[in-house]
Amino acid sequence: MVKPSRSYRVFQGVNGVILTLVVVVTLYPFVNIIARSFSGERQIRAGEVTLWPEGFNLTTYKIVFQDSMFWRNYGNTVLYTVVSTAVAMVLTTCYAYVLSKKHLKGRGALVGIAVFTMFFTGGLIPNYVLVTSLGLKNTVWAIALPNAISVFNLLVMKAFFESLPTELEEAAQIDGLSTYGILLRIVLPLSKAVVATMVLFYSVSFWNSWFSAFLYLDRAELMPATVYLRNLISGATTGGNAGAVDAQLSQVGANIQAVTIVLTSLPILCVYPFVQRYFVSGVMLGAVKG
């Protein structure tokens, strides 16, 4: 075994120090947010909270968890995320697979239409009128359909499908498989990495989304958790600005943002480790194309 040279050991040491600093800088905001979510109002306002909770306090968590509306809205978030992600994956996969076929007539026009929507939209009011006229208001489809296809994700999947050997599909055609059979039985099993990556992208996007629900849903029982927590932040901030002396309201106003971040980020952080191994390979295989 060849012994590493002194210069190589120095290089490894410097790399280790730099990467350690990067990890510390990256993790510090997350740890600080968690600490703030469990800290008391006085310590938060005094800037005494760093990596460990000061004046341990669960008031905000208790207020949120004891509210039945929060759990109903949280269930709505899960429902909207699952349905919207499923719709988005079906439409994006089918569209990307079609665009990956270079012999398709009008392929350039279809790609152009997709790319055009990255830079130009109909506007907020036309979108609202369209969703309302279609009868989608106060339904899950008002959230799922208007945002069903991300052009960035579409182009990544398209590039990935183009990188697959055409001989596989030709052999499947000879064996009698239809277009849908090839997609379901040949292409998708070979595309687990990019599919898992796209599922992660869409899930995070729909989970954190609040504006579509705020715009298209009128009833409180239909709102996702993000809107519930936004309203809680708004109420706490308004109360604090009005000079409210209620200690409980002051505590909520002090750390509601930290609690909000923790509650909305935790499910995604729990899911991410299971798809992380597909993340890098999925993005690179779909993006690196000569």
Side-chain angles (χ1 to χ4, degrees), residues 22-41 43-44 49-86 88-89 140 143-144 147 150 153 195-214 217 220-237 248 251-280 282-283:
V22 170
V23 170
V24 171
V25 171
T26 304
L27 288 179
Y28 176 78
F30 292 98
V31 177
N32 178 256
I33 284 295
I34 295 174
R36 285 169 60 90
S37 71
F38 290 103
S39 297
E41 176 204 358
Q43 290 79 4
I44 294 174
V49 182
T50 53
L51 299 177
W52 192 257
E54 300 290 343
F56 191 80
N57 194 298
L58 295 175
T59 300
T60 306
Y61 280 106
K62 289 179 180 178
I63 291 176
V64 173
F65 287 157
Q66 290 174 357
D67 189 350
S68 61
M69 185 59 70
F70 168 75
W71 293 110
R72 184 163 187 172
N73 291 161
Y74 216 83
N76 291 339
T77 299
V78 175
L79 173 65
Y80 297 158
T81 300
V82 171
V83 173
S84 300
T85 301
M89 286 303 302
V140 64
I143 297 175
N147 305 299
S150 166
N153 295 346
V195 169
T197 302
M198 295 302 105
V199 168
L200 177 65
F201 283 175
Y202 276 123
S203 298
V204 172
S205 175
F206 287 118
W207 182 272
N208 293 329
S209 175
W210 68 272
F211 187 70
S212 294
F214 183 76
L217 304 180
E221 64 271 15
L222 297 177
M223 297 295 183
T226 48
V227 176
Y228 171 90
L229 295 171
R230 175 195 174 276
N231 293 338
L232 193 59
I233 292 174
S234 178
T237 304
Q248 190 177 70
Q251 174 62 42
V252 172
N255 69 350
I256 182 58
Q257 290 184 340
V259 172
T260 299
I261 294 173
V262 171
L263 292 178
T264 54
S265 301
L266 186 60
I268 297 298
L269 293 176
C270 293
V271 172
Y272 181 77
F274 296 99
V275 296
Q276 186 270 341
R277 63 193 181 106
Y278 298 109
F279 182 77
V280 175
V283 172

- Query: Would you call the rings of F70 and Y74 parallel, tilted or perpendicular, where under 30° means parallel and over 60° means perpendicular?
  - Reply: tilted
- Task: Might you point out which heavy atoms bring V22 and T26 nearest each other, and give the distance in Å?
- Result: O-OG1, 2.7 Å
- Got a donor-acceptor contact below 3.5 angstrom from the N208 side chain to the V204 backbone? yes
- Are the side chain of T77 and the backbone of A225 linked by a donor-acceptor contact shorter than 3.5 Å? yes
- Query: Between F56 and F38, how do the two ring planes meet: parallel, tilted or perpendicular, split at 30° and 60°?
  - Reply: parallel
- Applying ring-ring contact (aromatic ring centres under 6.0 Å, His included), run through W207 and Y80 and close with a yes or a no. CA-CA 8 Å; W207 182 272; Y80 297 158; over 10 Å; no
- Task: For the pair S205 (side chain) and F201 (backbone), establish whether a donor and an acceptor sit closer than 3.5 Å, ignoring hydrogens and angles.
- Result: no
- Task: Run the numbers on Y202 and T81 for side chain to side chain contact (heavy atoms under 4.5 Å, CB included), then give the verdict.
- Result: CA-CA 8 Å; Y202 276 123; T81 300; over 6 Å; no
- Measure from the side-chain N and O atoms of N32 to the backbone N and O of T50, and report whether any donor-acceptor pair falls under 3.5 Å. yes
- Message: Within the structure provided, determine whether M223 and N76 are in side-chain contact (heavy-atom separation under 4.5 Å).
- Response: no
- Task: Taking all heavy atoms of T226 and all of S209, pick out the closest pair and write down the distance.
- Result: OG1-O, 3.0 Å
- Heavy atoms of A35 and L51 approach each other most closely as CB-C, 4.0 Å
- Would you indicate whether the side-chain heavy atoms of F65 and L263 approach each other to under 4.5 Å? yes
- Query: Out of curiosity, T60 OG1 to L229 CG, how far, rounded to the nearest 0.5 Å?
  - Reply: 11.0 Å
- Task: Flag the pair M89 / V195 as yes when at least one side-chain heavy-atom distance between them is below 4.5 Å, and no otherwise.
- Result: yes
- Query: Should the heavy atoms of other residues, nucleotides or ligands under 6.0 Å from OH of Y28 be counted, would the total exceed 12?
  - Reply: yes
- Hey, does the side chain of N73 reach the backbone of A220 with a donor-acceptor pair shorter than 3.5 angstrom? yes
- Query: Backbone N or O of M198 within a donor-acceptor pair of the N153 side chain at under 3.5 Å?
  - Reply: no
- Note on the structure: Value for CZ (R36) from CD1 (I44), rounded to nearest 0.5 Å, stands at 5.5 Å
- Item | Where V262 and S37 come nearest, the two heavy atoms and their spacing | CG2-OG, 4.0 Å
- Item | Intermediate values then yes/no, side chain to side chain contact (heavy atoms under 4.5 Å, CB included), S212 and N147 | CA-CA 9 Å; S212 294; N147 305 299; 3.3 Å; yes
- Item | side chain to side chain contact (heavy atoms under 4.5 Å, CB included) between F214 and R230, worked out | CA-CA 10 Å; F214 183 76; R230 175 195 174 276; 3.7 Å; yes
- Would you give the length of the straight line joining atom CD1 of I63 to atom CG of D67, rounded to the nearest 0.5 angstrom? 9.5 Å
- Message: Quick check: closest heavy atoms across A213 and V227, and the distance to 0.1 Å?
- Response: CB-CG2, 4.0 Å
- Task: Verify side chain to side chain contact (heavy atoms under 4.5 Å, CB included) between Y228 and V64, making sure each step is shown before the conclusion.
- Result: CA-CA 10 Å; Y228 171 90; V64 173; 4.2 Å; yes
- Query: Which atom names give the shortest non-hydrogen contact between E221 and M69, and what distance separates them?
  - Reply: CA-SD, 4.0 Å
- Query: Atom CG in L222, atom CD1 in I143: separation rounded to 0.5 Å?
  - Reply: 9.0 Å
